[in-house]
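In what follows, every heavy atom counts, from backbone to side chain, and hydrogens, waters and symmetry copies are set aside. Remember, it's a predicted structure, so these values are computed and weren't measured experimentally.
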Amino acid sequence: MENKIKEFKHLEKWQGTLANCIRCGYCFEHCPMFHHTGWESDAPRAKIITAFGLLEGEIEPSEAAADKMFSCFYCKRCEAACSSGVPLTEIFTDAKKDLVEMGLKGPGTTSITELYCARCLLCVGACPHEARFYDGKGIATDPAKCQACGICIEVCPAGAAKIENHFGTAKDDLIERASTFLTTHESSKAIIFACNWSYYPELQASVLPESETREKAYEILVNMCGGRLEAHLLMAPFLHNAWGVMAAVCPDGECQHDGNLRAKKIVESLHNTFKSIDINPERVRLVQIPAGDKTLFQAEIDTFMDKLNKMGPIR
């Protein structure tokens, strides 16, 4: 047992803390991965149990265990919900460090680089966590530092940066879901993109089940972080007759990836584009929502929908 603990030199300092998890499961509804797959093995509680098992030698280090530990978007909603105050993402990070030293790297949600990378180093400069670097042969990622924010993906001109396990948050998935909603709901008018911190779980939990099937005027899609937004994604709904698009991001100074700053620049650029083609720029709106403020978020959505109803469809 002692030898097993020594193998996990980073994780071992959490040996006592791991026992603080009371297995309540509050983290479940806050986790975008569990929300997407429905598998308990993708929830934060399962990662804590896995970390405990690895540390105690009850679980053998393996590709399967590493893939689960490396699957995290670091939205930290689980930490905010944890009644025991367990610093989950810090534990996950230390477990990842140990697994990397054992030759196990996931990939989980860690960003990777395809062979057709142009080596322009844009992703290296854009990464807010200093996880990407040039290793002498190409662009590599430190899997222990990567927090899967996806900003490298959006700045890559060659499309070589990617996250293999995106759990429904990839650009193509979001565009497909937006188009499906707009083409199957007669009353559809808008798509709302929201970072996970702004939206889940408060607003989700306040929605009655029947509202998922009744006719709706807007659909909320979680894109994980404002840093993942790009012009193509925001413009795509208009190809399917959307009246408007809104993006919800964190307030200044509250986004751990600074993705909200990037989102602001993209929306400002789109406003200029809309003006140049004589379309009201207010059809693309960016709002900043403090963590968990479902009342403000819903109020912003209602205000936006009222404006769209006054403007009518794009002609």
Side-chain angles (χ1 to χ4, degrees), residues 32-33 35-37 73 75 109 111-112 114 116 122-123 126 148-200 203-204 212-213 215-249 257 259-260 262-274 277 279 281-287 289 297 301 304-305 308 313-314:
M33 294 177 186
H35 182 262
H36 179 74
T37 68
F73 287 114
C75 64
T109 54
S111 68
I112 62 173
E114 299 285 10
Y116 49 85
L122 283 176
C123 62
C149 64
I151 291 176
C152 58
I153 298 173
E154 307 312 331
V155 302
C156 180
K162 65 178 293 186
I163 292 176
E164 288 189 349
N165 301 319
H166 51 74
F167 294 90
T169 65
K171 177 179 66 178
D172 291 343
D173 289 74
L174 294 173
I175 290 176
E176 181 179 355
R177 289 170 60 193
S179 64
T180 298
F181 170 75
L182 292 166
T183 55
T184 58
H185 288 69
E186 293 183 3
S187 300
S188 62
K189 297 176 182 177
I191 295 296
I192 314 295
F193 292 104
C195 73
N196 192 61
W197 192 259
S198 297
Y199 178 44
Y200 282 108
L203 192 61
Q204 178 198 24
E212 296 299 320
T213 56
E215 200 60 32
K216 298 188 294 182
Y218 62 87
E219 179 76 326
I220 301 175
L221 301 178
V222 177
N223 57 279
M224 288 311 302
C225 177
R228 287 193 179 195
L229 295 174
E230 60 173 292
H232 182 200
L233 177 61
L234 294 176
M235 290 293 289
F238 292 105
L239 298 177
H240 298 281
N241 301 315
W243 294 18
V245 169
M246 189 174 90
V249 299
H257 312 298
N260 59 332
R262 173 175 164 76
K264 280 184 178 182
K265 294 179 180 179
I266 292 173
V267 171
E268 288 173 2
S269 177
L270 286 179
H271 283 173
N272 292 330
T273 299
F274 273 50
I277 56 178
I279 295 179
E282 291 187 8
R283 290 187 183 274
V284 180
R285 177 169 171 75
L286 183 140
V287 296
I289 309 296
F297 192 14
I301 293 175
F304 183 60
M305 296 308 299
L308 290 181
I314 299 176

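A distance of 7.5 Å separates CG of Leu239 from NE2 of His232, quoted to the nearest 0.5 Å. Of the inter-residue distances, the one linking Arg228 atom CZ with Thr169 atom OG1 reads 4.0 Å to the nearest 0.5 angstrom. Atoms NE2 and SG, on His257 and Cys75 in that order, are 8.5 Å from each other to the nearest 0.5 Å. Within the model, atoms CG of Asn223 and CD1 of Ile191 stand 12.0 Å from one another, a figure rounded to the nearest 0.5 Å. Interatomic distance, CG of Asp172 versus CG of Leu233, reported as 9.5 Å (0.5 Å rounding). Taking CD1 from Ile314 and CZ from Phe238, the interatomic distance works out to 5.0 Å, rounded to the nearest 0.5 Å.
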Determine whether Phe73 and Phe167 satisfy the following criterion, side chain to side chain contact (heavy atoms under 4.5 Å, CB included), listing intermediate values before the conclusion.
CA-CA 10 Å; Phe73 287 114; Phe167 294 90; 4.2 Å; yes

After noting the C-alpha distance and the side-chain angles of Ile220 and Ile301, does the key distance pass the side chain to side chain contact (heavy atoms under 4.5 Å, CB included) rule?
CA-CA 10 Å; Ile220 301 175; Ile301 293 175; 3.9 Å; yes

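Across all non-hydrogen atoms, the minimal contact from Lys264 to Leu286 is N-CD1, 3.9 Å. Taking both residues in full, the closest heavy atoms of Ala161 and Cys152 are given as CB-O, 3.7 Å, listed atom of the first, atom of the second, then distance. The nearest pair of heavy atoms linking Ala217 to Phe181 is C-CZ, 4.1 Å. Residue Ala231 comes nearest to Leu270 through the heavy atom pair CB-CD2, 4.0 Å, listed as atom of the first residue, atom of the second, then distance. The two atoms that bring Cys195 and Gly226 nearest to each other are CB-N, 4.2 Å, heavy atoms only. What you find for Ile289 and Ala248 is that their closest heavy atoms are CG1-CB, 4.1 Å.
Side-chain atoms of Lys189 and Tyr218, non-hydrogen and from C-beta on, never get closer than 4.5 Å to each other. Between Val155 and Arg262 there is a side-chain heavy-atom pair separated by less than 4.5 Å. Residues Leu182 and Pro237 have side chains in contact (heavy-atom distance under 4.5 Å, counting atoms from C-beta outward). Between Met33 and Thr109 there is a side-chain heavy-atom pair separated by less than 4.5 Å. Contact annotation: the side chain of Phe297 approaches that of Ile192 to within less than 4.5 Å [non-hydrogen atoms, C-beta and beyond]. A 4.5 Å side-chain heavy-atom check between Phe274 and Met235 finds at least one atom pair inside the cut-off.
With Leu174 as reference, Leu221 is the one residue of Leu221, Val222, Leu229 to meet the side-chain contact (heavy atoms from CB on, under 4.5 Å) rule.
For the pair His185 (side chain) and Lys216 (backbone), a donor-acceptor distance under 3.5 Å is absent. At least one donor-acceptor pair under 3.5 Å links the side chain of Thr180 to the backbone N or O of Glu176. Side chain of Arg285 to main chain of Met246: no donor-acceptor pair is present (N/O by atom type, distance under 3.5 Å, no hydrogens or angles).
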